[in-house]
Amino acid sequence: MPASMQGKMQPTIYRFKLGGFEVTSIMDSKVIRAGLTPSYGGEANADAVKALAKASRIDADRYEHPFTPLLVNTGKELVLFDTGNGSLREEHEQLKNRLPAGNLVARMKEAGYKPEDVDVVVLTHGHPDHIGGLTKGGQPVFPNARYVFGAAEFDFWNKGENVREARKFNRELYVKIVVPLANRATMTKPGDEVVPGIRAVDAFGHSPGLLAFTIESDGKHMINWADTAGHYVVSLQRPDLPLDVDDDKEKAAATRKRIFDMVAKEDLLVAGFHMPFPGLGYVERGQGGYSWVPHSYQMNL
Ligand SMILES: [Zn+2]
């Protein structure tokens, strides 16, 4: 008897040491989306995007979009950045065909952590795929955690002024999921320290108050840039292209260039929420743009 086909298999957990910290990338979920165009750069840039895809040996008509929260154990506190999609799909009819079911808690268990172990939940921003796993059936998923929310981001969604049509439902979700937790939250702004070794960086644009975070232990540095880049080829090589899900398109493009420049100059290891799993890599400057250099084994040594 020939061996039976077992179906595709893909890793979802990766852990490494950064100085005295342990850092774990956990893929909450992923979707296969249709077309880099028009999401990246609209129809006007379809040919350019197709050419970039071809040169990088990826399909321009279908792309993998992973959701990868990051867990940092500083030795004193267990810090979770973003919470994935959680049960949004089950709880909201509108999201059924848009978001996959979240697996963060199940995969954290595989990695050796219980939800009760999390001391701090940091939200980089308020988009559904980052806040979805905070609560289930209205109850906090991480019962012992305190929260760190971006102050500008919180103000924007809480006030609800100038929310564009496409984000009205996002605002409803934020008010339902995040706002009730404000009494256990620290409101953070760029430059603030979250816990010793972790500091917020201005990445405003993709969302009104998106925060990136530098992570440093024993002289080893990295950055969690969250959603600064949406796609590892297009966002890096053409940071100027507007992305449909960027809330402030001009600011998002300027932020991409500023952060890519900083990362390339400082040769930082990057964790990116939507970069190919394990979401880790480096940035090189190229002609006019940048390129993503995926992590290989640097952090295994
Ligand atoms: Zn996202």
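Quick note: residue numbers are just sequence positions, from 1. Since the structure is predicted, the reported quantities are computational estimates derived from the model, not experimental observations. We count ligands from 1, going down the list as the structure has it; atoms in each ligand are counted the same way.
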query = Using 4.0 Å as the upper bound for N to carboxylate O, is an ion pair formed by K17 and E22?
reply = no
request  = From the options Y14, F16, Y113, select the one residue that forms a side chain to side chain contact (heavy atoms under 4.5 Å, CB included) with T24.
outcome  = Y113
ask   = Ignoring hydrogens and geometry, is there a side-chain-to-backbone donor-acceptor pair from E153 to G126 under 3.5 Å?
value = yes
N/O/S atom name from D129 that is nearest to the position of the Zn ion (ligand 1) = OD2
ask   = Is it the case that H206 and R256 place a side-chain donor and acceptor less than 3.5 Å from each other?
value = no
message = Rounding to 10°, state the angle centred on the Zn ion (ligand 1) that links OD2 in D227 with NE2 in H274.
response = 90°
ask   = Is the Zn ion (ligand 1) less than 2.8 Å from at least one N/O/S atom of H206?
value = no
